[in-house]
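Read the structure below first, then the notes.
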Amino acid sequence: MPNTAAALDLLLLPTWLVPVEPAGVVLKEHGLGIRDGRIVFIGPRSAALKLNATEVRELPGMLLSPGLINAHGHAAMTLFRGLADDLPLMTWLENHIWPAEAKWVDEDFVRDGTDLAIAEQIKGGITCFSDMYFFPKVASERVHNSGIRAQIAIPILDFPIPGASTADEAIRQGVELFGDLKHHERIKITFGPHAPYTVGDENLEKIRVIAEELDASIHMHVHETAFEVQQSVEQRGERPLARLARLGLLGPRFQAVHMTQISDEDLVMLVESNTNVIHCPESNLKLASGFCPVERLWQAGVNVAVGTDGAASNNDLDLLGETRTAALLAKAVAGSATALDAHRALRMATLNGARALGIEAETGSLEIGKAADIVAFDLSGLAQQPVYDPVSQLIYATGRDCVKHLWVAGKQLLDDRRLTRLDEEQLCATAKAWGQRISGRTES
Ligand SMILES: CSC[C@H]1O[C@@H](n2cnc3c(O)ncnc32)[C@H](O)[C@@H]1O
Ligand SMILES: [Zn+2]
């Protein structure tokens, strides 16, 4: 049990405190105390003011919530933002993105693109993101340096990719990185077979065996489009999810990204295996991929988290905006205005994300003993007035520009909208230079 008698490093005194767990609770006139990177006190303001604290921050007009968790993305793809728009998935991938990746993606690209993604995400209230991209070791170094929390999925395909000429090589690198980082307090390594149409049974079985041995998660695009499902039925005689179930991949350590196509049998498989679903509504809308039936999944007991996908298919890493889109879309898809209410939407963007990534004991809610991964949203602006329900205001009426402060493991990474560890001007200049090279406006 944390010792509340010892001095706090930091005491936060917001207008509203939304712990997410217990569900639906909004605390007013409360304080939150942090020591050694962990939440050690949540209680009435009167009791909080009696505690000894090295630093006290009054946060008038602000709502304190767990940091947002972006459960799916391809961080370095920020450098391809807007490169190929308004196309369906396979045309976008095969004719535009994969050729651009073959030409441009190297360790420098991943370093600069990941830094840009981390900065954008911190400014948007994200304390933890899931990344699935090439050169995962480079991405993990950027996460380490920046102070943010992340799951890094090792990219595995049946064909050569930047950084690994075979799936075996990618898996070997993944096992090594897993070993190197298994005690890292903010980074979790998982295995990321790209999709059922790019990874055959043989490699999927290898991944299952290794993930089981290491107790590692598996992160994969699944049922992104109706075409993917139809092609699998035609070519293999089974739906992709049924194939993954037959191969023994589904389970609480499995993260199925997209799932826009769900038959009654698929739903039973997801529920019985306790598989996590990661919903990326804006990428699905932009690529016209389909609609994930979030309310149906939620009512059946499936854990649903939310992700932005990469900036080349979204085109931003705005998880607050994504959550609003998810809440609105869930109502349209379910044909019910009560689907995915604001409180459940916030839970999906925080605690459900942590659960999907297997880190719910560490983060995802404001609870005593958890890491201090916290965001302060400023609800004092005119567009938020009047405030009847601050969570409704946050989800339906607030943009990411209202993110004021952010802490990960008690370290402040955003202070009054200024990045404390990253140089915003430098990041913009570097990204612009990449844009000029890629669009051919300067010599490469
Ligand atoms: C091995 S992971 C990186 C790989 O995935 C590609 N990608 C990005 N977004 C999507 C998506 O929505 N569906 C399928 N594949 C996607 C990315 O460009 C990389 O090649
Ligand atoms: Zn993706």
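Along the sequence shown, residues carry numbers from 1.
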Does the gap between the ring centers of H223 and H221 come in under 6.0 Å? no
For S283, which of L89, D309, N315 qualifies under side chain to side chain contact (heavy atoms under 4.5 Å, CB included)? D309
Pairs satisfying ring-ring contact (aromatic ring centres under 6.0 Å, His included), at least one member in residues 286-317, at least two apart: none
Measure the shortest side-chain to side-chain distance between M269 and L241 over non-hydrogen atoms and say whether it is less than 4.5 angstrom. yes
Do D264 and R296 meet the salt-bridge criterion of a basic N to acidic O distance under 4.0 Å? yes
Contact between T308 and C280 at the side-chain level, heavy atoms closer than 4.5 Å - yes or no? no
Check the side chains of S380 and D378 for a donor-acceptor pair under 3.5 angstrom, ignoring hydrogens and angles. yes
Would you check if E224 and L287 make a side-chain contact, meaning some heavy-atom pair closer than 4.5 Å? yes
Salt-bridge contact K123-E424 (side-chain N to carboxylate O under 4.0 Å): yes
Would the distance check show the side chain of R186 and the main-chain N or O of V143 forming a donor-acceptor pair, the cut-off being under 3.5 Å? yes
State plainly whether the residues K286 and D86 are in salt-bridge range, i.e. N to O under 4.0 Å. no
Is there a donor in the side chain of Q385 and an acceptor in the side chain of Q393, or the other way round, less than 3.5 Å apart? no
Give a yes or no on whether a salt bridge exists between E362 and K370, defined as a side-chain N under 4.0 angstrom from a carboxylate O. no
May I ask you to check whether H72 and H279 place their ring centers less than 6.0 Å from one another? no
Tell me which one of F109, W104, W434 satisfies ring pair (Phe, Tyr, Trp, His ring centres under 6.0 Å) with F80. F109
Any donor and acceptor pair, going by atom type alone, linking the side chain of E322 with main-chain N or O of E282 inside 3.5 Å? yes
Before accepting this row, confirm whether a basic side-chain N of the pair R81/D316 lies closer than 4.0 Å to the acidic partner's carboxylate O. no
